[in-house]
Chemist: 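Handing you a structure now.
Quick note: numbers below take in every heavy atom, side chains included, and nothing from hydrogens, waters or symmetry partners.
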Amino acid sequence: MAASVRSIARIVLSDSRRKALVMSSGPGINLTCRVELGGSRFYNEDHAGRTTSFGFETVSEEEKGERVYKVFESVAPKYDVMNDAMSLGVHRLWKDTLLRVMNPLPGARLLDSAGGTGDIAFRFLNYTRSRHALQQRAALRSQQTPSWQDISRDYASGERAVKAESRVVVCDINKEMLTVGKEKAERLGFGAGVSWVVGDAEELPFDDDQFDVYTVAFGIRNVTHIEQALQEALRVLKPGGRFLCLEFSKVSNPLLSSIYDAYSFQVIPVLGEVIAGDWKSYQYLVESIRRFPDQETFKAMIEDAGFFRVQYFNLTGGVVAIHSGFKL
């Protein structure tokens, strides 16, 4: 009974007290957000006194949130450089594979949660724009041109332009990471089609049924309540929408696993100190990978959240995995 009362109270607060901080929006993007004036405080009180893991340490849930924020606040300026150094550039191939698995259509709307520096967002826009260009060339080659009545109707309603315009919202709890992403977007020419929102993956500041695709890449292991983040992903997706998670996972091959462990614990923190001047943050990131559920356990968690047709794909022998599920 008490749990039911808390759930009802959270719904009421979610609908009346949420607020998203929109850092910037590209032309043509219309964000539908809820107002938050105290939802996070209420949520923390509901979990007061509970403990969780911060790497190999056991800390209070409130402390974990604060410490994770400080980790990414610290690593933000060198985040992209360290990703290249730690993975020897392979993270780029993993993210490219995520887009191929997603295979989004032109006009799709993506929410990239914990998307900080925009790597997935920029790939998404490039992919959908390229696919739209291919469709246009294919139509010209086949000479399947619409009638003048269709052209007139589509352009009068703006339907043709809307269909071709893909949009992505990058949502991250850390303002420093979003600042890096915005700067990179300006440098790479991604002005239109992308917006930047400060928000918590466990309490997303968006209305229900808003997005065609939800992605989270190397971010979900850092949230305090993974189950809550998965439920929020389900809530904001449209019926038929797709959840995709790219995350470090469990290596099954014993030889590869031993090499991977040695590299993770003996090399990555050293790289963090040399490149970013921050040993402790990268020590935590390595430890957090080892505390994250294995592929089958995480698959079951996604199913328990309410997703269907859940499956996963191992990359690089299970160093990372892509989990996929649908909202029906």
Side-chain angles (χ1 to χ4, degrees), residues 29 31-33 91 93-116 118-132 134-135 162-172 193-195 197 199 201-221 223 226-249 292-293 295-315 320-328:
I29 292 184
L31 290 177
T32 306
C33 301
H91 77 100
L93 301 179
W94 295 334
K95 292 167 183 174
D96 289 343
T97 301
L98 177 67
L99 264 295
R100 288 195 294 271
V101 172
M102 184 194 306
N103 193 26
L105 295 172
R109 190 174 190 187
L110 167 70
L111 172 61
D112 186 29
S113 183
D119 273 3
I120 303 302
F122 305 149
R123 282 171 167 80
F124 170 79
L125 291 175
N126 278 335
Y127 191 100
T128 53
R129 291 169 182 175
S130 175
R131 185 163 180 178
H132 178 61
L134 287 172
Q135 289 175 349
V162 170
K163 284 183 178 180
E165 181 190 6
S166 298
R167 294 170 291 170
V168 55
V169 177
V170 180
C171 182
D172 200 299
V194 59
S195 62
V197 176
E202 297 182 37
E203 294 183 283
L204 292 170
F206 307 107
D207 283 342
D208 300 353
D209 307 328
Q210 289 285 303
F211 300 94
D212 301 297
V213 187
Y214 172 108
T215 54
V216 55
F218 305 119
I220 201 165
R221 74 181 190 280
V223 305
I226 295 175
E227 298 88 349
Q228 178 70 17
L230 292 172
Q231 290 168 8
E232 282 290 273
L234 183 74
R235 180 183 65 77
V236 301
L237 279 170
K238 299 176 183 177
R242 190 176 191 183
F243 168 87
L244 285 164
C245 176
L246 175 65
E247 187 55 86
F248 290 104
S249 201
F292 190 71
Q295 289 90 327
E296 284 292 333
T297 303
F298 188 47
K299 176 176 180 286
M301 293 173 69
I302 298 170
E303 291 171 335
D304 289 343
F307 288 98
F308 292 86
R309 292 182 59 195
V310 179
Q311 56 184 325
Y312 62 86
F313 314 92
N314 283 328
L315 305 177
V320 302
I322 296 174
H323 281 76
S324 168
F326 291 87
K327 175 179 178 177
L328 300 182

Chemist: Check step by step if side-chain contact (heavy atoms from CB on, under 4.5 Å) holds for Phe218 and Lys95.
Modeler: CA-CA 10 Å; Phe218 305 119; Lys95 292 167 183 174; 4.1 Å; yes
Chemist: If we only count heavy atoms from C-beta on, is the Glu232 to Gln228 side-chain gap below 4.5 Å?
Modeler: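 The answer is yes; the side chains approach within 4.5 Å.
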Chemist: Does some side-chain heavy atom of Gln210 sit less than 4.5 Å from a side-chain heavy atom of Leu111?
Modeler: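 Contact flag for Leu111/Gln210 side chains = no.
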Chemist: Quick one: does Arg242's side chain have a donor or acceptor within less than 3.5 Å of a partner on Pro104's backbone?
Modeler: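 Not a single qualifying donor-acceptor pair exists.
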Chemist: Are a donor atom and an acceptor atom from the side chains of Thr97 and Arg100 found within less than 3.5 Å of each other?
Modeler: yes
Chemist: Flag the pair Val320 / Leu246 as yes when at least one side-chain heavy-atom distance between them is below 4.5 Å, and no otherwise.
Modeler: yes
Chemist: Taking NZ, NE, NH1 and NH2 as the nitrogens, is one of them in Asp212 or Arg109 under 4.0 Å from a carboxylate oxygen of the other?
Modeler: no
Chemist: Identify which one of Ile120, Val101, Val216 satisfies the side chain to side chain contact (heavy atoms under 4.5 Å, CB included) criterion when paired with Leu244.
Modeler: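 Single pass found, and it is Val101.
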Chemist: Is there a donor-acceptor pair under 3.5 Å between the side chain of Lys327 and the backbone N or O of Leu234?
Modeler: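 Answer holds: yes.
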Chemist: Can you tell me if Gln311 uses its side chain to pair, donor with acceptor, with the backbone of Ser324 under 3.5 Å?
Modeler: no
Chemist: Does the gap between the ring centers of Phe206 and Phe211 come in under 6.0 Å?
Modeler: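 They qualify: ring centres under 6.0 Å apart.
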Chemist: Report yes if the side chains of Arg221 and Phe298 come closer than 4.5 Å at any heavy-atom pair, otherwise no.
Modeler: no
Chemist: Short question: side chain of Arg235, backbone of Leu204 - any donor-acceptor pair under 3.5 Å?
Modeler: yes
Chemist: Do Phe326 and Phe308 have ring centres separated by under 6.0 Å?
Modeler: no
Chemist: Please check if any side-chain donor atom of Arg129 sits under 3.5 Å from a side-chain acceptor atom of Ser166, or the reverse.
Modeler: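 No - no donor-acceptor pair under 3.5 Å links their side chains.
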Chemist: Which one of Val168, Asp112, Val169 satisfies the side chain to side chain contact (heavy atoms under 4.5 Å, CB included) criterion with Val194?
Modeler: Val168
Chemist: Verify, without hydrogens or angle tests, whether His323 (side chain) and Val310 (backbone) share a donor-acceptor contact under 3.5 angstrom.
Modeler: no
